[in-house]
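Only heavy atoms go into these numbers, but all of them, side chains included; no hydrogens, no water, no symmetry mates.
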Amino acid sequence: MMPRSLNARLALSVGTLLILFFSVTTATLDYFFRDLSIRSISDRLEVQMQAMMAAIDEVDGTLVPVKEQLNPRLLAPNSGLDGEIIQRKGDALWRAPSLLGNKLCQSTQLKPGQQSVNNKVLADGTRVLTLARSYSWEFDDRHQQLLQFCVAESEEPYFKQLNDFRWRLFGGFAVMGLILMIAMLWLVRAVLRPLRQVENEILMIESGTRQQLSDNYPRELAGAASNMNLLLKNERERMERYRNSLGNLAHSLKTPLAVIRNLIHAQSSMDVAKIDEQVSVMDDIVRYQLKRAAVSAGGTVGAVSVALTEVIGPLVEALQKVYADKNIECLVDVDRDAVFYGDRNDLMEIAGNVLDNAFKYGHRKVSIRVQAMQKGVTNKSDFVLTVEDDGAGIPEAERETVMRRGKRLDEQQSGHGIGLSVVNELVDLYGGTISINNSSLGGAQVTIRFDSALPK
């Protein structure tokens, strides 16, 4: 089971890799060292055999080595270098004094010209590496005899050297592994420092001592920190809207409640109708404030895309049915690449209120245009919505007034004057802008712009 700490996981992973690496490296170096040592001993045995054969002389039909030409180690007991010559039947023609009675060559004869290299343990327990080679020796009287020449070298120095090499190798790798492990732990701690900074700053945000994450993170964490800051900002705005909505609701209900209280005290014959009217007003206010409290924050992380064509078309069809008696000619031009990133209901609220006003106050013509700005921009709304009508228009001095909740220029029309205020708030939440100008059709022109190139 992996530990939950990233530091522990990385330390365990790095430690495992270092152990595996040094184990494979140690085994490989040990193999090459042993192979090289055996090859070196074999080469020395080849030289000793050539020297021993060169020192052999024939005396009265018998092969006798010339001591002066032999390697002195062959004549010294326990020198670590041994030699022997045997006949086909295994009888020794000559045995080096260094053997001290031990038998060196195998009784099995090799074919002429063949040789073998073997490990052998002598009778006294000495481990030696032997080189045996068979020759068809021609004597002076022309007869030939199959002889086997053997030379051997003790492996004790080799094993001592091998053990010393292994201890040095293991010790060196252990020290190196420890140093590398400490260095890797320090490096892991340094690499994970930004994550600890994120953790500490989140704790500070939770305690209220910070408002957002800092902006000095590495590139790999910068995106996550930016999205986290955006999420925190949106949550703060959401809470602020909740507080404002509740405050507005309480404030808006004061007047209807006062009217109802007065009507109850007055007890006139018109009380029922007036009370019903005030209750309807209160119902509209409550619906509006609850709806505003549930509005999604603009530009939230993970927002989905909504094509403008999916919203504008159904809205136009619905409004043409609602205002069928006016027989309004509606010109619609929606760019298929125009996409809104956010809550679909928010887009319906924005477009629905603006289009409803155009149909409500227009006489015969309404124009709707949606133009995509920068194509290919992801996770950001980037389009311009322009709605025009041929109505009376909105005087320049009153354009700011109609953006405030409860303000309407035409008191003859139904409603509470909250449509454009909803649009204004939503557009601002999503980082857009709204403007009112004179239309070429003669009425009002409402332009809503979402530009991803502009900072929110």
Side-chain angles (χ1 to χ4, degrees), residues 27-166:
T28 303
L29 291 177
D30 182 76
Y31 169 79
F32 282 118
F33 179 82
R34 287 186 288 109
D35 183 69
L36 183 62
S37 299
I38 295 298
R39 287 176 180 270
S40 177
I41 297 175
S42 299
D43 291 341
R44 292 199 301 270
L45 289 177
E46 179 68 28
V47 173
Q48 294 300 331
M49 175 169 284
Q50 296 295 334
M52 187 179 69
M53 293 178 62
I56 295 298
D57 194 9
E58 182 181 345
V59 178
D60 297 332
T62 302
L63 298 180
V64 178
V66 181
K67 294 183 179 181
E68 291 77 8
Q69 297 182 12
L70 289 175
N71 189 322
R73 293 176 59 193
L74 291 173
L75 305 178
N78 296 322
S79 65
L81 180 64
D82 305 311
E84 187 180 38
I85 304 174
I86 65 173
Q87 303 179 60
R88 177 186 293 273
K89 296 181 180 181
D91 299 330
L93 287 179
W94 176 81
R95 181 174 289 126
S98 60
L99 278 174
L100 297 176
N102 290 313
K103 186 176 180 181
L104 186 61
C105 293
Q106 301 290 339
S107 58
T108 302
Q109 293 290 335
L110 299 173
K111 295 181 179 180
Q114 285 187 336
Q115 72 173 25
S116 65
V117 179
N118 298 292
N119 295 98
K120 183 178 177 62
V121 180
L122 301 180
D124 60 0
T126 303
R127 291 178 294 181
V128 296
L129 182 68
T130 63
L131 171 63
R133 184 173 296 159
S134 180
Y135 288 97
S136 179
W137 191 276
E138 184 177 350
F139 288 83
D140 292 341
D141 59 0
R142 301 296 182 181
H143 82 276
Q144 294 184 349
Q145 185 178 357
L146 188 63
L147 303 177
Q148 188 177 115
F149 292 78
C150 299
V151 291
E153 184 173 336
S154 173
E155 292 184 306
E156 298 303 327
Y158 157 71
F159 284 115
K160 182 180 179 181
Q161 189 179 21
L162 178 62
N163 290 332
D164 182 64
F165 171 77
R166 285 175 174 174

Drop me the distance from Tyr158's OH to Asn163's CG, to the nearest 0.5 angstrom. 9.5 Å
Kindly give the heavy-atom pair with the smallest separation between Phe149 and Met49, and that separation in Å. O-CE, 3.2 Å
Could you tell me whether the side chain of Leu146 reaches within less than 4.5 Å of the side chain of Ser134, counting heavy atoms only? yes
Asp82 and Ser98 side chains, donor-acceptor separation under 3.5 Å: yes
Angle class for the Phe33/Phe165 ring planes (parallel below 30°, perpendicular above 60°, tilted otherwise)? parallel
What I want to find out is whether Arg34 reaches Asp30 closely enough, with some N-O distance under 4.0 Å, to be called a salt bridge. yes
Between Arg127 and Glu156, is there a side-chain heavy-atom distance shorter than 4.5 Å? yes
From Glu153, Gln115, Gln48, residue fulfilling side-chain contact (heavy atoms from CB on, under 4.5 Å) relative to Leu131: Gln115
Heavy-atom closest pair, residues Asn71 and Leu81: ND2-CD2, 3.6 Å
Please lay out, stage by stage, how Ser136 and Gln144 fare under the test side-chain hydrogen bond (donor to acceptor under 3.5 Å, both in side chains). CA-CA 6 Å; Ser136 179; Gln144 294 184 349; 3.2 Å; yes
To the nearest 0.5 angstrom, please state how far the CD atom of Gln148 sits from the CH2 atom of Trp137. 14.5 Å
Counting only N and O atoms by type, is there a donor-acceptor contact under 3.5 Å from the side chain of Arg95 to the main-chain atoms of Glu84? no
Heavy-atom side-chain proximity of Pro157 to Gln161 below 4.5 angstrom: no
Should Asp35 and Arg39 be marked as a salt bridge (Lys or Arg N to Asp or Glu O under 4.0 Å) after you check the CA-CA gap, both sets of side-chain angles, and the distance that decides it? CA-CA 6 Å; Asp35 183 69; Arg39 287 176 180 270; 2.9 Å; yes
From OG (Ser37) to CG (Leu129), nearest 0.5 Å: 11.0 Å
How long is the gap from CG on Leu147 to CD1 on Ile86, to the nearest 0.5 Å? 9.0 Å
With no hydrogens and no angle check, is any side-chain donor or acceptor of Ser42 less than 3.5 Å from a backbone partner on Ile38? yes
Is a donor on one side and an acceptor on the other found under 3.5 Å between the side chain of Gln114 and the backbone of Lys111? yes
Using a strict threshold of under 4.0 Å (side-chain N to carboxylate O), is an ion pair present between Lys160 and Glu155? no
Residue pair Thr126, Val121: steps toward the side-chain contact (heavy atoms from CB on, under 4.5 Å) verdict: CA-CA 5 Å; Thr126 303; Val121 180; over 6 Å; no
Does some side-chain heavy atom of Trp94 sit less than 4.5 Å from a side-chain heavy atom of Met52? yes
Report the distance from atom CG of Leu122 to atom OG1 of Thr130, rounding to the nearest 0.5 Å. 9.0 Å
Determine the minimum heavy-atom distance between Leu74 and Pro97, stating which atoms define it. O-CD, 3.3 Å
